[in-house]
Each structure stands twice: as structure tokens, then as C-alpha cells.
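See below for the structure under consideration.
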Amino acid sequence: MSRYEPSQSEQKWQAAWEAAGVFTARRDPARPKYYVLEMFPYPSGRIHMGHVRNYTMGDVVARYKMSCGFSVLHPMGWDAFGMPAENAAMERGGHPKDWTYSNIADMRAQMKPLGLSIDWSREFATCDPEYYGQQQAMFLDMLEAGLVYRKNAVVNWDPVDMTVLANEQVEDGRGWRSGALVERKELTQWFFKISDYAGELLAALDGLKDWPEKVRLMQANWIGQSRGLQFSFDTVDAPEGFGKIEVYTTRPDTLMGASFVGISPDHPLAKVLEAANPEMAEFIAQCRKGGTTEEAIETAEKIGLDTGIRVKHPLDPAWELPVWIANFILMDYGTGAIFGCPAHDQRDFEFATKYALPINPVFVAEGAEEARLSEAFVPMKSETLRYIRGFAGTEVQTGDEGVASAITVAETQGWGTGVTKYRLRDWGLSRQRYWGCPIPVVHCATCGVVPEKKENLPIRLPDDVTFDKPGNPLDRHPTWRDCTCPACGAPARRETDTMDTFVDSSWYYARFTAPHATTPTVAEDAEYWMNVDQYIGGIEHAILHLLYSRFFARAMAKTGHLPAKAIEPFDALFTQGMVTHEIYKTTDGNGRPVWHLPEEVDLETGTLKATGEKVEIIPSAKMSKSKKNVVDPMNIIAQFGADTARWFVMSDSPPERDVEWTASGAEAACKHLTRVWNLCDRIASLPDDLPPREDEALLRAMHRAIADVTFSIENFAFNKAIAKLYEFTNTLAKSDASKPVRQQAMRTLAQLMAPMVPHLAEDVWAHQGGEGLVVRAPWPKADPAMLVEDTVTLPIQINGKRRSEVTVPKDMPASEVEKLVLADETVIKVLAGGQPKKLIVVPGRIVNVVI
RNA sequence: GCGGGUGUGGCGGAAUGGUAGACGCGACAGACUCAAACUCUGUUUCCGCGAGGAGUGUCGGUUCGAGUCCGACCACCCGCACCA
């Protein structure tokens with residue numbers, strides 16, 4: 001063996017793995033299966049360190065499970081539809097398809113040198129017609145099953161990207177990609193009925209034991225279940241058809257504190273009033289405008305207008321309340337109408353104060369007296385209250401009890417119903433974009449909306465499109481758009497909306513089980529491989545992607561594309577942290593910041609290499625092109641090899657936390673791997689007739705290392721696994737054991753390192769006479785007998801502070817230990833002839849002398 | 001505002017209620033070298049020459065014993081946000 005030259009040996013082993021087909025996933029009923037999946041990448045064209053970290057984690061798991069005898073599925077694909085391809089076409093010309101496929105080729109070429117254990121024969125891109133055609137087939141099945149529908153909806157319109165955005169794609173009133181202020185626009189849109197599953201998606205979160213608590217909580221909040229009362233107010237002087245106003249409240253116990261009824265500016269009644277009354281029309285127009293401007297979002301002032309309509313209080317027909325239109329009431333939550341109880345709701349309080357409406361407390365804190373309020377009194381529902389204007393339950397009760405009894409009273413008296421509502425809205429999937437999966441329906445003047453026939457799938461995107469005008473090229477592509485009605489054969493128009501790319505990523509995990517099938521899935525394959533045993537990805541997908549996937553798996557099960565056991569497709573989820581880096585900044589003549597790449601900076605002096613100018617070092621943040629704090633994985637691989645990059649991203653921080661990339665850390669990783677290489681060389685050239693010295697000690701350390709590394713990998717504590725490997729390497733390097741024992745230890749070290757640094761591990765394995773490839777070698781097992789020590793050193797504490805220690809046989813009885821402790825020099829000194837108050841011996845652990 | 005998380009050396013981070021700081025980085029010292037780099041060996045929480053003392057964001061509590069459990073507070077980070 002010679003110098004550590006990763007560039008040569010890494011290629012060699014990658015070729016060897018490929019030749020042996022070690023990563024080809026096979027359905028093998030004789031073996032347990034393990035499906036490990038990392039969130040597939042968007043083909044931007046360049047891999048970044050975040051990818052390296054994500055895929056290395058998956059690779060460690062996959063390789064480890066392979067060694068443990070599992071039949072492993074570890075696939076890779078591309079989330080290939082989406083706006084960047086179109087944006088690139090608009091900015092630079094060219095076609096989104098060419099841009100995408102060439103990016104995929106580039107990225108694949110960058111990923112391969114990492115030596116990941118991926119079954120590349122299963123690779124696909126979501127923009128392959130073979131993939132999206134199957135997606136269209138499922139869409140038709142879901143349409144038939146009533147899981148998809150069309151409705152007129154006010155949507156978020158991004159005026160820059162010229163597209164509809166989902167609520168969750170709007171951040172602070174701006175489009176998440178363009179940053180443009182979002183406008184409201186009414187369009188007919190396609191929706192998945194995810195709201196039908198709201199309760200189930202919420203309840204099933206409890207079963208996802210191996211998901212991070214944080215993600216489950218975020219989803220639970222997003223689904224947003226609430227229990228409340230729905231009832232109607234009878235109106236006075238309302239327009240035709242509005243004899244009642246239906247409201248929903250989670251605090252029916254505050255009904256006696258009502259001082260007005262509020263309706264949304266988008267409420268049907270508001271629309272009628274708008275048409276009839278110019279003053280109202282003007283007010284409503286103001287509300288609509290207000291909803292989207294930045295100023296309104298920041299100040300969020302509550303405005304309202306009295307409609308002149310009155311309603312009768314359900315508990316006292318003589319009591320009339322005014323009906324106001326108010327800008328803070330949302331049409332798409334509850335019924336779009338509320339009753340306002342200013343005493344116990346801060347929004348209502350502000351509103352009532354502004355418009356001089358009465359503020360009547362319903363309850364006070366237990367033991368308190370009624371007093372003038374300066375803000376709304378909104379106690380936790382679990383708090384005990386004294387009701388001074390209650391109508392249900394006892395005078396003193398908790399808020400929860402008050403709500404429950406109010407619902408019971410309303411139901412008993414027949415004027416209201418207890419209902420459960422969810423914040424979760426249906427999933428709008430229509431996008432007015434070209435580069436997405438076409439929605440396979442046709443609009444016919446006589447037949448209406450007609451599903452495309454399955455034998456006509458896939459409905460392919462046309463290639464001859466241009467992006468010189470804003471908007472959807474499909475809309476202005478007559479030969480593609482114009483078609484015949486599948487039902488009556490008359491001329492018709494193809495749907496020009498394409499699907500949200502979240503649809504593409506909502507089932508790719510299932511497609512990987514039968515990636516080339518002519519149906520969306522194949523029952524036997526799905527049955528064997530599903531579920532994903534370990535899913536790994538970023539926390540940024542905690543809500544949308546994961547919630548949509550959970551819904552989609554249910555929809556696929558309902559339409560026969562997945563077995564019932566796969567409705568929760570991801571058994572275990574791990575969310576990894578980001579890779580961060582320091583930011584280097586200088587300022588130009590105009591005071592504007594100028595960012596510099598890490599390689600342009602001399603860290604010793606904190607200056608620019610080129611000019612010697614001082615740079616400001618800003619603490620680490622996520623690597624981003626705009627701040628130039630990026631390290632290109634390809635440069636690292638070229639300089640140090642893939643194993644170094646893999647070792648580093650796994651070593652420094654717990655995987656769920658961010659890891660900071662530092663040049664010194666990367667060098668240290670490389671140095672260590674070189675040390676391992678040299679150690680291997682040194683051991684191989686030892687004389688064969690060394691006397692057996694400390695053989696037992698080295699073997700014990702080896703079994704300790706096996707146990708610790710295995711435990712750490714099983715628990716996703718890769719940084720700790722690596723710490724143990726450092727420790728064991730140091731022990732081995734200092735050992736005087738005989739050659740065969742050191743060789744055995746070296747081979748074991750290779751096996752334990754193999755999931756993280758597979759190429760180096762193969763080299764070491766081969767060099768130490770290991771049989772075959774280390775990737776195929778069974779994972780070593782720790783011998784429990786080698787893990788127990790004969791003697792144990794017990795720390796002696798005096799009043800809880802460590803003062804001394806005593807070494808005793810492992811299972812010495814406590815009474816014997818006590819004698820030894822009392823004979824300890826330090827203890828004798830401290831006791832000064834007296835007796836300890838108490839002597840605590842925790843066998844095998846610690847001794848505490850209390851004086 | 002609501003919900004969640006985090007806080008340990010110069011830095012990244014270890015510690016089933018039982019020796020705080022594993023392992024790594026950095027720093028320092030020594031060996032090798034004409035010299036430097038590389039490499040190797042050692043030291044490295046703080047105060048103190050030392051004996052010793054202090055120490056896990058702050059204050060309190062439980063315990064023989066608290067980084068870990070409980071209560072209050074502070075700081076930072078993340079998610080949601082007019083959801084009735």
C-alpha cells in the first residue's frame with residue numbers, strides 16, 4: 001500500500017460495486033426488507049453540501065442495514081417539474097425540458113463520485129412522461145372516487161410569476177418565490193378533498209411514533225382542530241333569503257356577552273349589500289384591497305361598517321344586536337360570520353372600543369369582582385371562573401365546562417349544534433404554468449368537464465412552446481389546446497392548468513417500488529417494499545410535503561394503488577440540520593455589501609487574498625449563493641476525496657442540528673483518514689512473530705467499539721459513532737498486541753467505518769486479508785462477555801463532591817466496599833475520627849460519604 | 001400574541017439522576033528538521049505558585065447526589081398567526 005490517494009481508489013471501488021451489482025434492490029421474500037429514502041432533489045444543476053449531508057445519512061443507514069442482512073431499497077430520483085425551469089427559459093432562452101434533463105445529467109455526475117449505495121436502475125424524474133402519465137391515471141381514478149373536484153375560489157395570484165399560489169406558498173403576503181405582493185383573484189380551480197381527511201390525518205399523528213415530536217406538532221397545529229357551537233341568529237330587516245345568519249364559535253359560554261354580529265366582507269350577505277348600496281360597496285372594496293397590501297398586514301387595523309340589519313339573540317328574542325361587516329372576519333373559516341364578545345376576545349374588544357359597542361363581561365376570575373376592562377379577559381379554558389352572565393352549567397366552573405354545558409343546552413333546546421371544525425383547507429392543485437403535469441381533462445361545450453380516456457394517457461406536454469410572453473404557454477398553443485371531446489367527439493378544449501409540483505412528490509416513494517411499471521404501482525412490489533422504513537429530509541417539508549404525502553397515500557389506497565398498510569407511508573422520519581458557513585463581507589464605495597467566497601479569504605489574517613483588504617466575518621448561516629458562503633462539494637472531493645466530505649458532514653454536530661463547515665475541520669477529517677490508511681499499512685508490515693502483549697485489552701476495546709458504534713448508528717447519533725471510531729483508532733495505534741489480533745482489530749475498524757467512508761473501508765479490508773467486499777461482509781457482533789470489566793473504579797464523593805476513588809472487583813458486596821471506603825486516606829482525613837452520617841454505595845457506580 | 005425548542009471550555013459538541021467537559025477543532029510545549037511545513041508525543045474549563053476553591057444562561061426547590069427532575073425568570077432560534 002502506498003499513499004492515501006482517494007481520487008484513484010474511490011473510483012476503483014465504485015466500479016467494483018457496480019460490477020458486483022451490490023446496490024440493486026431485489027424483492028427477496030426470504031429476507032426482511034428495509035426501505036431507506038432521502039427526500040429527492042430538485043435538479044438545480046449543482047449539488048451542495050446539504051445534499052451531501054442528507055444523502056450520506058441515508059447511505060450510512062442503507063449500508064448498515066445491508067450489512068445486517070436486510071434486503072435494502074435505496075433509490076434516487078428528481079423532483080423535476082417547477083418554475084425555475086421556466087424562469088431559466090424566460091431569462092436565457094432554451095427549453096425547460098432541455099434545461100431540466102441537462103441539469104439532471106450534471107447532478108447525477110456530481111452525485112456518483114460520492115459513492116452512495118443507490119440503486120440507479122430505479123432512477124426517474126417526475127417530468128418523465130412515464131411518471132406523470134401514471135400520475136394522470138391516478139388523478140382520473142381520484143376524480144371518479146370524489147377525491148378531486150372543481151370550484152370557484154378566490155386564489156392568491158402572483159402577478160410576477162403569473163400563477164396561483166397555495167396559501168402556504170404565501171409568506172407575509174408575498175409570493176414565496178417571486179417575493180411579489182400577492183393579489184386576490186377569482187378562478188375556477190381543481191382541489192383535492194384533503195379536508196375530508198382532516199380528522200384522520202390529525203388522529204393518525206399519534207401513531208407516528210418515530211417521527212419527531214416537533215413535526216407532528218406542526219402538522220397538528222396546521223390541521224387546527226377546534227370544537228365549538230354552530231347556530232343561527234334570526235334577522236330583522238335583512239334582504240330576501242337572509243332570514244338567518246349562521247355563526248360558529250368556540251366560546252358559546254360567552255353568548256350572553258355578545259354585543260354585535262360580524263360578517264366577512266366575502267360573506268354572501270355582504271355581496272348582496274354590496275350590490276345594493278354604494279357605501280357598502282366602497283367599504284368592501286377597501287377591505288379587499290387592504291388584505292393584500294404590506295401596510296395593512298403590518299398595521300392590521302380593524303375596520304367595520306354597520307349594515308343596519310339587526311338580529312335577535314337566541315336566548316332573548318327581545319334583545320337585538322347590530323350586524324357589522326368587519327375586515328378581520330375570514331370567509332373560509334367557520335361560517336364567515338361570528339358574534340362578537342368584546343369582553344373575552346381581544347379582536348372584538350378592539351373593534352367594540354373603536355365603534356363604541358357595549359363590553360359586557362360574562363365571567364370573572366374565581367374570587368374576583370366585576371370590574372371595568374382595559375383589555376379583553378381571555379383566560380385558559382382550563383381555568384376556573386365565576387360566571388356572572390352564564391346561561392349553562394354552574395356559576396363556578398372551568399371554561400371547558402362552561403363551553404360543554406353551553407353546547408349541551410343549545411342542543412337540548414334545539415337552537416344549535418356542537419361541531420368540530422378544522423383550519424385545514426382543501427388542497428388547490430391548479431397551476432397556470434407550462435412545466436408541470438397536465439391535468440388530464442377536456443372542457444366540452446355540451447358535456448362539460450370530461451375526463452380524458454386512460455388509453456390516451458399520458459397527455460404529453462407539447463415541446464414547441466415559447467416563453468417570450470408572460471402567462472401559460474399552453475393557453476396560447478392552439479394545436480395542443482384544441483382537441484375532441486372524449487365523450488361526444490365534438491371539438492373541445494384541453495385543460496391548460498398543470499398540477500402543483502407537490503402532487504409529483506406526494507407519491508414518488510411509492511413509484512420507486514416499481515419505477516418502470518405501466519401502472520402507477522404494482523401490488524406485489526408495493527406490498528413487499530412499503531412502507532418507507534426511514535425517511536430523511538429537511539425540516540422545511542415538515543408540513544406541506546409530508547402532509548400531502550400522507551393524504552395522497554390514503555387517496556392511493558382508496559383508489560387501489562397502495563395497500564391499506566401504506567396509508568402512513570413513512571414509518572420513521574428524520575429531519576436533518578443544514579450545513580452552514582461563515583460569511584465574508586466587505587463594503588464597496590457606495591456602502592453596499594460585497595460578499596466573498598471562502599476560498600478568496602485568508603483566514604489567518606482575515607483579509608482578501610487578492611487585495612489584502614480586511615473582511616468582516618459574519619457568523620454562520622445556511623450556505624447560500626447570494627451570500628457566497630458556499631463550499632462546492634466537487635472542490636472538496638477533488639481536493640480530499642468523497643470519504644473526507646462524508647466523514648466531515650457526519651462528524652461534528654448531531655445530525656438534527658446545523659453543522660458548520662470549516663476548512664480546518666475538513667482538513668482534520670482528511671488527516672484522520674490518512675492516519676487510518678497509514679496505520680493499516682503499518683500493521684500489515686508488522687513481523688508475524690510479535691509476542692502477544694495486551695491482546696486481551698485490544699480485543700476488549702474492539703468489542704466495546706462494536707457495541708458503541710452500533711448503538712450510535714441505530715440511534716442516528718453519527719457524530720458519536722465517529723467519536724468512538726476516533727477513540728478506537730487511537731487505541732489501536734498505541735496497541736502492542738500481536739499481529740493477528742491487530743489485523744483483526746483493523747478489519748473490524750474498517751467494517752465499523754464502512755457506512756461513513758466506504759471506499760477507505762474497502763481498501764483497508766482488502767489490505768488486511770478481508771474476504772470479498774466489505775460492503776457484503778456481515779456487521780460485526782459485540783461479544784457481551786468482552787464488554788464486562790472484572791474490576792471497576794468507584795469515585796468516592798464526600799457530600800456529593802468527588803474527593804477520591806477506589807478500585808474494587810466488579811461484584812464486591814456493598815459491605816466490603818464500605819470497609820475499603822472507610823479505610824481510604826482522604827475519607828479518614830475528612831472524618832477526623834468521627835463517623836459518617838450516611839454511607840451510600842451504588843454498586844458498580846459510585847460511593848457517597850455524607851458527613 | 002399562541003405553540004415548540006435551545007442555552008455546557010476559545011469553538012463544534014459528550015455525559016441511563018452518579019467522576020462535567022468524551023471525541024474533534026484551535027492554542028501551547030516538546031521531538032524530528034539547518035529551518036519551516038508535514039508528522040509524532042504531551043498539555044489545555046476557570047482562579048490559584050500550591051494546598052485548594054469555583055464552575056453547565058439567572059434565581060429558587062426536590063435529592064445522599066442535579067447539566068439532567070420541578071418552579072419562576074432571562075436570552076436566542078424555529079413554526080403558526082385576525083382560525084371566532
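From a predicted model like this one, the values you see are computed outputs, not experimental measurements.
The nucleotide B/G17 finds no pairing partner, because no Watson-Crick or G-U wobble arrangement with both distances shorter than 3.5 Å includes it. With both pairing distances under 3.5 Å, B/A66 is matched to nothing as a Watson-Crick or G-U wobble pair. Summarising the base pairing, B/G79 is matched to B/C2 through a Watson-Crick or G-U wobble pair whose two defining distances lie under 3.5 Å.
Remark: the A/Y248 side chain and the A/Q230 side chain contain no N/O donor-acceptor pair separated by less than 3.5 Å. Looking at A/Y726 and A/S651, their side chains never bring a donor and an acceptor atom within 3.5 Å of each other. No side-chain N or O of A/E660 forms a donor-acceptor pair with one of A/T580 less than 3.5 Å apart.
Nucleic acid contact class of A/L330 (heavy atoms, under 4.0 Å, all strands): base. Nucleic acid contact class of A/N719 (heavy atoms, under 4.0 Å, all strands): sugar-phosphate only. Residue contacts shown for A/Y248 include a base, since a base heavy atom lies under 4.0 Å away. Nucleic acid contact class of A/V842 (heavy atoms, under 4.0 Å, all strands): base. Nucleic acid contact for A/I539: none, since no nucleic acid atom lies under 4.0 Å from a heavy atom of the residue. If you check every strand for non-hydrogen atoms under 4.0 Å, A/K837 touches nothing. Counting any heavy atom pair closer than 4.0 Å across all strands shown, A/D345 reaches no nucleic acid atom. Within 4.0 Å of A/E727, counting heavy atoms only, lie sugar-phosphate atoms of the nucleic acid but no base atom. When heavy atoms are screened at a 4.0 angstrom cut-off, A/K720 is found touching the sugar-phosphate backbone but no base atom.
Side-chain atoms of A/R845 and base atoms of B/U16 include a donor and an acceptor less than 3.5 Å apart.
Taking atom P on both nucleotides, B/G18 is separated from B/G65 by 14 Å, rounded to a whole Å. When the P atom is compared between B/A36 and B/C28, the two are found 14 Å apart, to the nearest whole Å. Taking atom P in both B/C23 and B/C70, one finds a spacing of 31 Å when rounded to whole Å. Across B/G53 and B/A14, the matching C1' atoms stand 25 Å from one another, rounded to whole Å.
OP1 or OP2 of B/U39 has not a single side-chain nitrogen or oxygen of A/R675 nearer than 4.0 Å. For the pair A/Y333 and B/A84, the criterion of a side-chain N or O lying under 4.0 Å from OP1 or OP2 is met. Contact check, A/N221 against B/A81: no side-chain N or O comes under 4.0 Å of OP1 or OP2.
Aromatic rings from A/F351 and A/F328 are positioned such that their centres are separated by under 6.0 Å.
Along RNA chain B, the nucleotide nearest A/S653 and the nucleotide nearest A/E805 are compared for position; the residue whose nucleotide lies closer to the 5' end is A/S653. Between A/V849 and A/T662, the residue anchored nearer the 5' end of RNA chain B, judged by the nucleotide with its closest heavy atom, is A/T662.
Between A/Y548 and A/W427, the ring-plane angle classifies as parallel under the 30° and 60° cut-offs.
Protein atom CZ of A/F711 is 20 Å distant from nucleotide atom P of B/A22, rounded to whole Å. Atom CG of A/N799 is separated from atom P of B/A66 by 11 Å (rounded to the nearest Å).
With A/D400 as the fixed residue, the side-chain contact (heavy atoms from CB on, under 4.5 Å) test singles out one of A/K381, A/M380, A/R227: A/K381.
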